[in-house]
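Indexing begins at 1, ligand by ligand and atom by atom, following the structure's order. Counting begins at 1 with the first residue of the sequence.
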Amino acid sequence: MSTAPDVVRSAYVQLAVTDLAAARWFWVDMLGMHVQHEDAGALHLRGTDELTHHSVVLRAGPVAALDHLAYRVRTPDDVDKAERFFKDLGRPVRRLPAGTGTHGVGDAVRVVDPLGFTVEFFHDIARGERLIQRYDLHRGAQIARLDHFNICTPDIPAAYEHYKSLGFGCSETIEGDEHELYAAWMFRKQTVHDVAFTGGAGPRLHHIGMATHESHQVLHMADILGSLRKEHHIERGPGRHGVSNAFYVYLRDPDGHRVEIYTSDYYTGDPDHETFRWNVHDDRRRDFWGNAVIESWYKEASPALDLDGNVQPISEAALDESAVQVGADGLGIIDPSE
Ligand SMILES: O=C1C=CC(S(=O)(=O)O)=CC1(O)O
Ligand SMILES: [Ca+2]
Ligand SMILES: [Fe+2]
C-alpha cells in the first residue's frame, strides 16, 4: 500500500445550487457567512475564525448536489501522496494544477474515493483577513468555521476502513447488539470528527457541520428563522446530541442541502483516545434528551457529482437505523411494558 497523505482537516465543501441568489440569502444573509469572493457563477464563503480563503463554495448548477468535499493536507508533497494513494487503489484521479481548480485553491488533486464521493486534497490556498475580532461583521449564527462532513453511505464498515486507511481516528460509533456498525465519527483534527457516516443510500451528502462558539448562537439562528416566518428551514432541533455532546440545530437551505449549526463538542487529541460506543437502542444517542429524530433526517440527502459533474448512481443501504425499534425516534414502537 502507498503512503496515505497527511490530512490536517476537513477544509471546504463545494455545493451545486440551482438559485445562487436564494442560496446567498440563506448562507450569507441568514447564517452570516462572510463573502470572500463572488463572481457570476459562484460564492466563496468563510466563517469568522477561518484564515483560509473559504470553507463553503456555492456554484450555480442545474441540479442541487454535492460537487466535492475537500481536505487540506499538511504539505505540497502530500498532494502528490494523495494522487499516488488513490491511483494505487485504482480510483479515478484528476490533478488540478494551481489556477485550474476552485478559485483561491492552489495545486490539488481530485479523486472519486471507494465510497463514490468526489474528494479533493490540497495544501496551497489563499489567505483571508482575520475576522475573529471583527465583531462589527459577525451576524446571523455567527458561524466560526466548518467543522465536519456527514456522508450517507450504504456500507458503514467499508467507510470506516477507508478513512482508517487515511489515518483517521474514531471518536464514537453507534452499534447494534451484535456490534453491527450503524454509524461512526472519525477525525484528523483534535475534535470529535472531520467526517461521519450515516447509514443510507449513497453516495450522498447528509450534511455539513458549521461550528459556532456558543449554544446561544444555535438558539439565535432558530429564533431569527422563526421571526422571519422561515421556520420551515428548521428540520431538527435545537437540542443536545448524545454522540459528540454538541448542541445543535439542523437547517435545510433553499435547495434542500442540510447544514448543522454545531457547538461545544470535545477534545480527542491524545494518542490513546478511546472510541465511545453507543447502542442503537439507546434513545439518547442522537438526542441526549430523547427527542425524536424526524424521518426526513434519516431519509433525505443531497446527490453527489462525479469528476465530470454527472450525478453518481446510488446503492441502497444494508442496515436501516430508522427501522430499529427505539422509543424516542418516533418511528419505532414503544414497548408498553417498558
Ligand atoms: O455532528 C453530529 C454529531 C452527532 C450526531 S447524532 O445525531 O447525535 O448522532 C449527528 C451528527 O453527525 O450530525
Ligand atoms: Ca509536488
Ligand atoms: Fe453533524
message = Measuring only between side-chain heavy atoms, which start at C-beta, is Tyr12 closer than 4.5 Å to Glu50?
response = no
query = Is it true that Lys299 and Asp320 make a salt bridge, defined as a side-chain N closer than 4.0 Å to a carboxylate O?
reply = yes
Let me check something: any side-chain donor-acceptor pairs from residues 193-203 under 3.5 Å, sequence neighbours excluded? List them with distances.
residue : atom : partner : partner atom : Å
His193  : NE2  : His148  : ND1          : 3.3
His193  : NE2  : His148  : NE2          : 3.3
Asp194  : OD1  : Ser10   : N            : 3.0
Asp194  : OD1  : Ser10   : OG           : 3.0
Asp194  : OD1  : Lys189  : NZ           : 2.9
Asp194  : OD2  : Arg188  : N            : 2.6
Asp194  : OD2  : Lys189  : N            : 2.9
Thr198  : OG1  : Asn150  : OD1          : 2.7
Thr198  : OG1  : Asn150  : ND2          : 3.4

query = What residues form a side-chain contact (heavy atoms from CB on, under 4.5 Å) with Asp255, not counting sequence neighbours?
reply = Val17, Thr18, Ala64, Asp253, His257
ask   = Does the distance from a Lys or Arg side-chain N to an Asp or Glu carboxylate O, for Arg277 and Asp282, drop under 4.0 Å?
value = no
ask   = Ring centroid separation for His37 and His54, is it under 6.0 angstrom?
value = no
request  = Evaluate the side-chain contact (heavy atoms from CB on, under 4.5 Å) criterion for residues Val79 and Phe121: first the C-alpha distance (whole Å), next the side-chain angles of each, then the deciding distance (0.1 Å), finally the verdict.
outcome  = CA-CA 6 Å; Val79 179; Phe121 298 86; 5.6 Å; no
inquiry  = I want to check something: taking the side chain as every heavy atom from C-beta on, are Leu96 and Phe122 in contact at a cut-off of under 4.5 Å?
reply    = no
query = So which protein N/O/S atoms does the Fe ion (ligand 3) have within less than 2.8 Å?
reply = His148 NE2, His207 NE2, Glu260 OE1
Arg94 and Asp306 ion-paired at < 4.0 Å = no
Return a table of N or O atom pairs, ligand 1 on one side and protein on the other, at distances under 3.5 Å, rounded to 0.1 Å.
residue  : atom   : partner : partner atom : Å
ligand 1 : 1 (O)  : His148  : NE2          : 3.1
ligand 1 : 1 (O)  : His193  : NE2          : 3.0
ligand 1 : 1 (O)  : Glu260  : OE1          : 3.1
ligand 1 : 7 (O)  : Arg236  : NH1          : 3.3
ligand 1 : 7 (O)  : Arg236  : NH2          : 3.4
ligand 1 : 7 (O)  : His241  : ND1          : 3.3
ligand 1 : 7 (O)  : Arg286  : O            : 3.4
ligand 1 : 8 (O)  : His241  : ND1          : 2.9
ligand 1 : 8 (O)  : Arg285  : O            : 3.2
ligand 1 : 8 (O)  : Arg286  : O            : 3.2
ligand 1 : 9 (O)  : Arg286  : NH1          : 2.7
ligand 1 : 12 (O) : Asn150  : ND2          : 3.0
ligand 1 : 12 (O) : Trp185  : NE1          : 2.8
ligand 1 : 13 (O) : His207  : NE2          : 2.9
ligand 1 : 13 (O) : Tyr250  : OH           : 2.5
ligand 1 : 13 (O) : Glu260  : OE1          : 2.9

